[in-house]
Engineer: 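Take a look at this one; I'll ask things after.
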Amino acid sequence: ITQFFSPYSNKRIDEYGGNFWNRTRFAREIVADIRKKCGDDFLMNCMRIRHVNLPNLKKCGYSFISNNRGLETLNLPLLESVGDKFLEYNNSLRQLYLPSLRECGDYFLYYNIILKELNLPKLEKVCDMFLWFNKYLEELNLPSLKKCGNYFLSDSTSISHLNLLQLEEVGHSFLLSNKALKELNFPNLRIAGGNFLSNNNIIEIVNLPKLEKAGTRFLFSASALINIYIPNIKDVYSDFLANSRYINKYKIFTRCEKIRKYGSDDEKKLLFYNMIKNIRVMSKLLKQNIRKIISKLLKKDKQEKDDVRQK
C-alpha cells in the first residue's frame with residue numbers, strides 16, 4: 001500500500017496516481033471500508049492512545065485494541081464478551097477494569113509485559129493463550145473461572161498468587177515454566193492437560209483433591225516439589241512426575257474399597273489398570289533413586305581403592 005504514496009514507485013495516470021491526494025486515495029478507501037463494516041466504535045490506528053473509557057460497550061470482536069504500544073488504562077465496566085486478540089501486544093498497559101467480563105477468546109492479554117495485577121471477578125470461560133508471556137504479572141484473581149484453554153499462564157514467570165477456586169478443567173501447558181509460584185490449591189479441578197506444571201522450579205506443594213485425569217508430563221521437571229496430594233486420580237499418562245526429584249510424600253490414591261465393594265466389573269478392571277499405572281510411576285522414581293545410590297557407592301568404593309593404592 002505504501003508504494004501508492006511515493007511518486008517514485010507510483011507511476012499511475014488514473015485517479016490513484018499523480019498528486020498526493022490521488023496517491024493516498026487507495027489507503028483512504030481501505031480505512032473507509034473498514035469503518036463502514038466494523039462501525040464507529042471500532043478503534044483503528046490506536047498506537048498512541050493512552051486511556052480508553054467506554055462505559056456502555058457490552059461486546060467487541062476480533063483485535064479490539066491489538067498492537068497498541070501506548071495504552072496505559074482501560075475502563076470497560078459493562079463489557080461481557082470479547083473476541084480473539086483483545087489486547088495482544090499492549091506493552092504499556094498498567095490498569096485494566098473489566099468487572100462484567102464473562103467470556104473471552106484466544107490471545108486475550110498475550111505479551112503484556114507491564115501489567116502486575118489482574119482482577120476479573122465474573123470471568124467464567126477463557127480460550128487458548130489467555131495470559132501467555134506476561135513477565136511481570138504477580139497476582140491473578142479469577143474467582144468465577146471454571147474452564148480455560150491451552151497455554152493459560154505459560155511463560156508468565158513472576159506470578160506468585162492465584163485465586164482460581166472454581167476452576168474445573170484446564171488445557172495443556174497451564175503453568176508451564178512458572179518461576180515464582182510455591183503452592184498450588186485448586187479444590188475443584190477435575191481434568192488437566194499435559195505439561196500442567198512442567199519446568200516449575202519453585203513450586204513445593206500441590207493440592208488437587210478432586211483431580212481425576214491428568215495429561216502427559218503433568219509435573220515434569222517440577223524439581224522443588226515436596227508434597228503432592230491427588231486422592232481421586234484415575235487416569236495418568238506418561239512422564240507424570242518424571243524428573244521431580246525431592247518428593248517425600250507421594251499421595252496418589254484411588255477409592256479402592258468403594259470400588260471393590262460396590263463397583264461394576266468395568267470399574268474393577270479400571271481400578272486394576274490404574275494401580276498398575278501407579279506402580280509404574282513409582283517404579284520409575286525408585287529406579288532413579290537406586291541409580292543415584294549405586295553411583296555414589298561406586299564412587300566411594302573407587303575412592304577407597306585409590307587411597308589404598310596410594311598408601
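Quick note: numbers below take in every heavy atom, side chains included, and nothing from hydrogens, waters or symmetry partners.
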Engineer: Judged by modelled atom types alone, do Asn188 and Lys210 share a side-chain donor-acceptor pair under 3.5 Å?
Structural biologist: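 Indeed, the side chains of Asn188 and Lys210 share at least one donor-acceptor pair under 3.5 Å.
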Engineer: Within the side chain of Asp106, is there an N or O that forms a donor-acceptor pair under 3.5 Å with the backbone of Asp128?
Structural biologist: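 Such a contact is found between Asp106 side chain and Asp128 backbone.
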Engineer: Can you confirm whether more than 12 heavy atoms, excluding those of Ile13, are under 6.0 Å from its CD1 atom?
Structural biologist: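 12 or below, so no.
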Engineer: So does Glu15 have more than 12 non-hydrogen atoms from other groups sitting under 6.0 Å from CD?
Structural biologist: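 Buried by this count: over 12 neighbours within 6.0 Å.
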Engineer: Can you name the nearest heavy-atom pair linking Asp84 to Gly105, along with the distance?
Structural biologist: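 Taking Asp84 first and Gly105 second, the nearest heavy atoms are OD1-CA, 3.3 Å.
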Engineer: From Gln166 CD over to Leu145 CG, what is the distance, rounded to the nearest 0.5 angstrom?
Structural biologist: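 So the gap between those two atoms works out to 9.5 Å.
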Engineer: List the atom of Ser100, the atom of Pro77, and the distance in Å for their closest heavy-atom pair.
Structural biologist: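 That would be OG-O, 2.7 Å.
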Engineer: Start with the C-alpha gap between Cys148 and Val126, add the side-chain angles, then the distance that decides, and say whether side-chain contact (heavy atoms from CB on, under 4.5 Å) holds.
Structural biologist: CA-CA 5 Å; Cys148 66; Val126 300; 3.2 Å; yes
Engineer: Which pairs with one or both residues in residues 151-183 pass ring-ring contact (aromatic ring centres under 6.0 Å, His included), sequence neighbours excluded?
Structural biologist: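 ring-ring contact (aromatic ring centres under 6.0 Å, His included) check on residues 151-183 returns Phe130-Phe152, Trp132-Tyr151, Tyr151-His172, Phe152-Phe174, Phe174-Phe186, Phe174-Phe196.
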Engineer: What closest approach, in Å, do Arg23 and Asn10 show between heavy atoms, and which atom pair accounts for it?
Structural biologist: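 For Arg23 and Asn10, the tightest heavy-atom pair comes out as CG-ND2, 3.6 Å.
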Engineer: Can you tell me if OH on Tyr107 sees more than 12 non-hydrogen neighbours from other groups inside 6.0 Å?
Structural biologist: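 Counting other residues, nucleotides and ligands, OH of Tyr107 stays at 12 neighbours or fewer.
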Engineer: Linking I/L/V/M/F/W/Y whenever any side-chain heavy atoms sit under 4.5 Å apart, do Phe86 and Val52 land together?
Structural biologist: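 Same hydrophobic cluster.
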Engineer: Might you confirm whether atom NZ of Lys11 has over 12 heavy atoms from other residues, nucleotides or ligands at distances under 6.0 Å?
Structural biologist: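 Result for NZ/Lys11: enclosed.
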Engineer: Salt bridge or not for Asp301 and Lys305, using N-O below 4.0 Å?
Structural biologist: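 A salt bridge is present here (some side-chain N lies under 4.0 Å from a carboxylate O).
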Engineer: When rounded to the nearest 0.5 angstrom, what distance separates CG in Leu184 from CD1 in Ile203?
Structural biologist: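 That separation rounds to 4.5 Å.
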Engineer: Looking only at heavy atoms, which two atoms of Gly171 and Asn150 are closest? And how far apart?
Structural biologist: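 For Gly171 and Asn150, the tightest heavy-atom pair comes out as CA-OD1, 3.3 Å.
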Engineer: Enumerate the ring-ring contact (aromatic ring centres under 6.0 Å, His included) contacts for residues 15-34, please, sequence neighbours excluded, ordered by first and then second residue.
Structural biologist: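 Matches after skipping sequence neighbours: Phe4-Phe26.
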Engineer: Determine the minimum heavy-atom distance between Cys104 and Val82, stating which atoms define it.
Structural biologist: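 Taking Cys104 first and Val82 second, the nearest heavy atoms are CB-CG2, 3.3 Å.
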Engineer: State the CG-CE distance between Leu109 and Met129, to the nearest 0.5 angstrom.
Structural biologist: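 Here the rounded value is 14.5 Å.
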Engineer: With rounding to the nearest 0.5 angstrom, report the CD to SG distance, Glu103 to Cys127.
Structural biologist: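 If we round to the nearest 0.5 Å, Glu103:CD and Cys127:SG are 6.5 Å apart.
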Engineer: Which residue is it: Asn56, Leu54, Leu57, Leu74? I am looking for the one with a side-chain contact (heavy atoms from CB on, under 4.5 Å) to Leu79.
Structural biologist: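 Of Asn56, Leu54, Leu57, Leu74, side-chain contact (heavy atoms from CB on, under 4.5 Å) with Leu79 is met by Leu57 alone.
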Engineer: Side chain of Asn232, backbone of Pro209: donor and acceptor closer than 3.5 Å?
Structural biologist: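 Yes, the answer is positive, given that a donor and an acceptor are paired below the 3.5 Å cut-off.
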Engineer: How many angstroms lie between CG in Leu131 and CG in Leu118, if you round to the nearest 0.5 Å?
Structural biologist: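 It comes to 6.0 Å.
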Engineer: Just by modelled atom types, is the Glu124 backbone N or O under 3.5 Å from a matching donor or acceptor in the Ser144 side chain?
Structural biologist: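 Between the backbone of Glu124 and the side chain of Ser144 there is no qualifying donor-acceptor contact (under 3.5 Å).
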Engineer: May I ask you to decide whether Glu80 forms a salt bridge with Arg102, counting only side-chain N to carboxylate O separations under 4.0 Å?
Structural biologist: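 Salt bridge absent between Glu80 and Arg102.
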Engineer: How long is the straight-line distance from CD of Glu139 back to CG of Leu162, given to the nearest 0.5 Å?
Structural biologist: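 That separation rounds to 9.5 Å.
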Engineer: For Arg12 and Asp14, work out which heavy atoms get closest and say how close.
Structural biologist: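 Result for this residue pair: NH2-OD2, 2.7 Å.
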